[in-house]
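Each remark here refers to the structure printed beneath this line.
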Amino acid sequence: MELKLEDQVVIVTGASRGIGAGIADMLAQAGARVAGTATTIEGAGAIGSRLSAILPDCRGEVLDVNDADGATDLVARVNETLGVPTILVNNAGITRDQLLMRMKEEEWDAVLETNLRSVFRLSKACLRGMMKARTGRIINIASVVGVMGNSGQVNYSAAKAGMIGFSKSLAREVGSRGITVNVVAPGFVDTDMTRALDESQRESLLSGIPLQRLGTPQDIAASVLFLASEAGSYITGQTLHVNGGMYMI
């Protein structure tokens with residue numbers, strides 16, 4: 001079965017690099033008109049250049065997820081330039097790792113604001129168009145630490161766990177309109193952060209992964225493409241764990 005997204009308009013937040021870039025690129029390769037977001041004009045320009053080389057009807061957009069009006073403004077721009085977005089991938093996120101005893105309130109607030117409140121804002125901004133079209137896909141990128149926890153990441157874990165609960169509830173609210181809401185929870189992925197680990201840290205990490213390798217952005221993107229496509233149309237309110245067996249339900 002080919003997974004195609006022709007005539008679909010997609011928003012992918014945090015599409016500059018890593019998992020977000022992999023998702024945006026793969027959805028564009030599947031034929032979707034993708035708007036990928038970055039926090040700066042320069043970042044948005046780089047995304048636009050990268051995506052338009054795959055499919056001309058793609059673009060980069062600036063989005064500050066902490067701006068209360070940013071989500072509605074973004075959706076309005078995408079409506080005008082590409083059409084009504086019927087696929088939303090909430091990927092933007094940050095970390096502010098610290099043990100709870102040392103964690104400052106601003107470190108807690110920054111992670112919850114960026115990683116969880118942004119999902120609320122973007123999903124709400126896209127829902128009107130999806131409900132009118134009576135179709136839609138909202139795919140939220142969580143993390144394995146949202147279900148198994150991780151020392152030094154109580155803020156990040158709370159945000160990602162909250163994303164899972166949010167998705168289940170929203171799936172019940174909008175299912176009758178043909179809109180699905182799901183979560184992809186990556187394990188450890190080969191990115192700039194994991195490449196910075198020394199050899200002993202890397203070996204320790206791999207020892208807990210039955211497939212004995214880190215994931216790739218393409219591994220995560222393939223799961224998103226499946227859920228975004230017609231092949232995933234009867235799946236909603238679910239969390240798809242993509243972690244090489246590191247965490248099993």
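As a basis for the values below, the full set of heavy atoms in this structure was taken, side chains included, without hydrogen atoms, waters or symmetry mates. This structure is a prediction, so every number in the text was calculated from the model and none was measured.
Expressed to the nearest 0.5 Å, how far CZ of Arg17 lies from CZ of Arg50 amounts to 11.5 Å. Atom CD of Gln153 sits about 13.0 Å away from atom CG of Leu100, to the nearest 0.5 Å. Annotation: the span from Ser118 atom OG to Asp67 atom CG amounts to 12.5 Å, rounded to 0.5 Å. If you take CD on Gln98 and OG on Ser151, they are separated by 10.0 Å, rounding to the nearest 0.5 Å. Atoms CD1 and CG, on Ile139 and Leu240 in that order, are 10.0 Å from each other to the nearest 0.5 Å. Note: Lys4 NZ to Leu27 CG = 12.0 Å, rounded to the nearest 0.5 Å.
A pairwise comparison of heavy atoms in Arg77 and Val62 identifies NH2-O, 2.9 Å as the closest pair. Here the closest non-hydrogen pair linking Lys160 and Asn115 is CE-ND2, 4.2 Å. Here the closest heavy-atom approach between residue Val34 and residue Ala28 is recorded as CG2-N, 3.7 Å. Gln8 and Thr86 get closest at one heavy-atom pair: OE1-OG1, 2.8 Å. Heavy-atom minimum distance, Glu61 versus Leu74: CB-CD1, 3.6 Å. Annotation for Thr40 and Gly43: closest pair OG1-N, 2.9 Å, computed over non-hydrogen atoms.
Residues Val147 and Val181 do not share a hydrophobic cluster, clusters being chains of Ile/Leu/Val/Met/Phe/Trp/Tyr side chains in contact below 4.5 Å. Ile220 and Val119 sit in two unconnected hydrophobic clusters of ILVMFWY residues. Membership requires side-chain heavy atoms under 4.5 Å apart, directly or through other members. One hydrophobic cluster, built from ILVMFWY side chains closer than 4.5 Å, holds both Phe166 and Trp108. Hydrophobic clustering (ILVMFWY, side-chain heavy atoms < 4.5 Å, transitive): Ile138 and Val12 are in distinct clusters. Residues Val183 and Tyr247 are members of one and the same hydrophobic cluster, defined by side-chain heavy-atom contacts under 4.5 angstrom among Ile, Leu, Val, Met, Phe, Trp and Tyr.
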Is there a side chain to side chain contact (heavy atoms under 4.5 Å, CB included) between Asn90 and Ser123? Walk through the geometry before answering. CA-CA 8 Å; Asn90 284 306; Ser123 299; 3.4 Å; yes
Passes side chain to side chain contact (heavy atoms under 4.5 Å, CB included), Ile179 versus Leu127? Steps please. CA-CA 9 Å; Ile179 302 167; Leu127 270 181; 4.0 Å; yes
Steps toward side chain to side chain contact (heavy atoms under 4.5 Å, CB included) verdict (Arg137, Ser233): CA-CA 9 Å; Arg137 303 280 192 273; Ser233 63; 3.3 Å; yes
Run the numbers on Leu122 and Leu63 for side chain to side chain contact (heavy atoms under 4.5 Å, CB included), then give the verdict. CA-CA 11 Å; Leu122 268 296; Leu63 173 66; 4.2 Å; yes
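For Leu99, the CG atom is densely surrounded, since the number of other residues' heavy atoms within 6.0 Å is greater than 12. The environment of CZ in Phe120 is sparse: at most 12 heavy-atom neighbours from other residues, nucleotides or ligands sit within 6.0 Å. Counting heavy-atom neighbours within 6.0 Å of Gln212 CD, excluding the residue itself, gives a total above 12.
A 4.5 Å side-chain heavy-atom check between Asp219 and Thr216 finds at least one atom pair inside the cut-off. Counting heavy atoms from C-beta outward, Cys126 and Ile11 have side chains that approach closer than 4.5 Å. Proximity of Ser229 to Leu5: side-chain heavy atoms (C-beta onward) are separated by under 4.5 Å at one or more points. Side-chain contact check for Met26 versus Val224: every heavy-atom pair is 4.5 Å or farther apart. Side-chain contact check for Thr180 versus Ile235: every heavy-atom pair is 4.5 Å or farther apart. In this structure, the side chains of Asp25 and Leu51 come closer than 4.5 Å at one or more pairs of heavy atoms. Using a 4.5 Å cut-off on side-chain heavy atoms (C-beta onward), Val111 and Ile94 make contact.
No donor-acceptor contact under 3.5 angstrom links the side chains of Asp69 and Thr72, judged on distance only.
Counting only distance, with no hydrogens or angles, the side chain of Arg177 and the backbone of Met130 share no donor-acceptor pair below 3.5 Å. Proximity of a side-chain donor or acceptor of Asn91 to a complementary backbone N or O of Thr13 within less than 3.5 Å is detected. Remark: side-chain polar atoms of Asn243 are paired, donor with acceptor, to backbone N or O of Met246 under 3.5 angstrom. The backbone N or O of Leu227 lies less than 3.5 Å from no partner atom in the side chain of Asn182, so there is not a single donor-acceptor pair. Although no hydrogens or angles enter the test, the distance criterion places a donor-acceptor pair under 3.5 Å between the side chain of Arg33 and the main chain of Leu82. Listed for the Gln238 side chain is a donor-acceptor partner under 3.5 Å among the backbone atoms of Thr236. With hydrogens and angles disregarded, a donor-acceptor distance shorter than 3.5 Å links the side chain of Asn155 to the backbone of Arg96. Looking at Ser167, its side chain never comes within 3.5 Å of a backbone N or O of Gly237 through a donor-acceptor pair. Remark: side-chain polar atoms of Ser143 are paired, donor with acceptor, to backbone N or O of Val145 under 3.5 angstrom. Between the Ser204 side chain and the Ser200 main chain, no donor and acceptor come within less than 3.5 Å of each other.
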